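As structure tokens, the structure follows; a few thoughts come after it.
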Amino acid sequence: MSGHRSSKIEKTVRDRVFDLFRAFGTTTIFGNPGSTELPMFRDFPDDFRYVLALQEMVAVSMADGYAQATRNAGVVNLHSATGLGHSLGAVFTAYKNQAPLVIIAGQQARSILPYEPFLYAERASEFPRPYVKWSVEPARAEDVPTAIARAYYTAMQPPRGPTFVSVPVDDWDRLCEPVEPRRIGATVRGDPELLAEIAEAVWAAPNSGRNSFPEDHPLFRGFLAADREKIVASLAGHDLIVVLGAPVFTYHVEGFGRHIPEGARLLQLIDDPSVAAWAPVGTAAVTNLKSGIRDLLGGPEPRPRSAPERRMPSPRVSGLGLTDAYLLQQVALLRPAGSVIVEEAPSSRGAMHDYLPIVDRDGFYTCASGGLGHGLPAAIGIALARPRDKVIALLGDGSGMYAIQGLWTAAQFGLGVTFVIIKNRRYEALVNFGRYFGLQRTVGTELPDIDFCALAQGQGVEGISVDGADALDEALRTAFANQTAPTLVEVAVD
Ligand SMILES: Cc1ncc(C[n+]2csc(CCOP(=O)(O)OP(=O)(O)O)c2C)c(N)n1
Ligand SMILES: [Mg+2]
């Protein structure tokens, strides 16, 4: 059988996989282990770090934040079936975030799989679908490193996203051949003919629906709502709409009629072929954004046109009452230069846009899926990736509770993250939605009696409670000044 083997194989599947991770520059592993994963960590190498999360959603969201901040795939290790199951909401979010992840979960030993053993994951590779770009349980132990390499390359190809490999527990100690790391150019360059068509007109309308634009820029007009009729109203009067990679048709509520104003044309550069396929209107060039925009800039000079009216700055809010707007204004005033904002506070998003402008390219993260529980652990992943920068997580009191165990990991790693809890004692966004649907009363939206400082202290994190505007600045200053440990600031807002 093994007659073709020329030299003796000395390394295990585990060695080969860790060699690949080294070559990929991914030496941080996020996880929550179980019996079916432990052999992966035999003789855990010194040049790797293991970041323990106390719940699997936390592990995946931390890896998501880390992957986005490092622009490299995050590696996650989860327990078979149940551990992966706990994480699926976060996998969905990573998919929507286009965060590259290689998720590895354990599986029972191959020889006992026919007997439906304890912890057996039936049809393991199907479990995380359709929210992984590629998923496999390799046919043989020797195929595990190749599968993990493919998972990595697939995760890193635009549009980036999570991938999944199920690994039977007995595979890690098997010997296997090396797998050479490869370089893969993953830039899709847009069709030149389509780009030429778009370039002709781009400069006529510098109005894009993308939110990741410096919000203090004179041409910045504001945020489109995730609502068909409102988008049409915002764009009324324009005859050309150019979309640069933005998810412009992400509707949150039902809408009817046109998708863009009557008589307008829509031209889109997008790196995700599926978005190009389902977009309801317009011409789309599937392209890597950087090269697409570069190609556009190389085109003919734009026709001169007058700049649109500047956005009015929001008036200052007084601290007479402690509102979310006042809180966000003070965060904007007091936060250190270069700090990173991670937002998950649904009903305060509008106030954030008004009082906490985002002007740095890598200065803002939020989840693209609407799935709560991402912000707190993602902030920790970002802090692990950017140890010199202050990370500030702005969390609703509801949102803060989905993955509160993340605080423990932040404390263990001595990360100076500031967690600001906007405590309005309810799911305010759902109360608003209840009104939209004409509900008299919305059940399941009150959140009395949550003591975030106690939850923080119980996990080794300092908690500061703020009940009035006069105590806010000092609490924020204390938290922002702490470089070596996390601080939670619980702010009771009106
Ligand atoms: C995982 C998940 N469960 C439920 C929801 C539905 N949901 C949307 S907004 C919201 C309320 C969030 O409350 P909080 O963080 O306190 O923010 P507030 O609405 O009070 O600003 C909920 C529960 C969701 N988006 N994701
Ligand atoms: Mg709330």
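Because the structure is predicted, anything quoted here is derived from the model rather than measured. Indexing begins at 1, ligand by ligand and atom by atom, following the structure's order. Throughout, numbering of the chain's residues begins at 1 and tracks the sequence.
Of all atoms in ligand 1, numbered sequentially from 1 with element shown, those under 4.0 Å from a heavy atom of Glu428 are 18 (P), 19 (O), 20 (O). Every atom of ligand 1 is numbered from 1 in the order shown, and the set under 4.0 Å from a heavy atom of Arg426 is 16 (O), 20 (O).
Classification of the Phe24-Tyr153 ring pair by plane angle, with boundaries at 30° and 60°, yields perpendicular. Between Tyr50 and Phe41, the ring planes lie perpendicular to each other; the angle is over 60°, past the 30° to 60° tilted range.
Judged purely by atom type and a 3.5 angstrom limit, Arg228 uses its side chain to pair as donor or acceptor with the backbone of Gly257. The main-chain N or O of Leu372 is never found under 3.5 Å from a side-chain atom of Glu344 such that the two would form a donor-acceptor pair. The closest donor-acceptor contact from the side chain of Glu37 to the backbone of Gly106 lies under 3.5 Å.
The distance from the Mg ion (ligand 2) to the nearest N/O/S atom of Ser399 is not under 2.8 Å. Look at Asp397 and the Mg ion (ligand 2): an N/O/S atom of the residue is under 2.8 Å from the metal. Taking 2.8 Å as the criterion, Arg426 counts as a coordinating residue of the Mg ion (ligand 2), since one of its N, O or S atoms falls below it.
Protein heavy atom nearest atom 14 (P) of ligand 1, with residue, atom name and distance: Gly398 N, 3.4 Å. The nearest heavy-atom contact from the protein to atom 25 (N) of ligand 1 is Gly370 O, 2.7 Å. If you check which protein heavy atom lies closest to atom 21 (O) of ligand 1, you get Ser347 OG, 2.6 Å. Looking from atom 4 (C) of ligand 1 to the surrounding protein, the closest heavy atom is Tyr402 OH, 3.4 Å. Annotation: atom 2 (C) of ligand 1 to nearest protein heavy atom, Leu372 N, 3.7 Å.
Side-chain polar atoms of Ser166 and Glu137 form a donor-acceptor pair below 3.5 angstrom.
Contacts with ligand 1 closer than 4.0 Å are made by side-chain heavy atoms of Asn424 only, the backbone lying farther away. Contact annotation: for Leu430 versus ligand 1, heavy atoms closer than 4.0 Å belong to the side chain alone.
For ligand 1, one of its N or O atoms has an N or O atom of Ala429 under 3.5 Å away. Note: no N/O pair closer than 3.5 Å links Tyr427 and ligand 1 by distance alone.
Heavy-atom distances between Gly89 and ligand 1 stay at or above 4.0 Å for every pair. Under the 4.0 angstrom criterion for non-hydrogen atoms, Phe433 is not in contact with ligand 1. Under a 4.0 angstrom heavy-atom cut-off, Pro346 registers as being in contact with ligand 1.
The two residues Val102 and Ile148 have their closest heavy-atom pair at CG1-CG2, 4.5 Å. Here the closest heavy-atom approach between residue Arg386 and residue Ala69 is recorded as CD-CB, 4.2 Å. Across all non-hydrogen atoms, the minimal contact from Phe452 to Asp397 is CZ-O, 3.2 Å.
Taking the six-membered ring for Trp and the full ring otherwise, His252 and Phe433 have centroids separated by under 6.0 Å.
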Could you walk me through whether Asp362 and Arg71 pass salt bridge (Lys or Arg N to Asp or Glu O under 4.0 Å), step by step? CA-CA 11 Å; Asp362 293 319; Arg71 296 193 162 79; 3.0 Å; yes
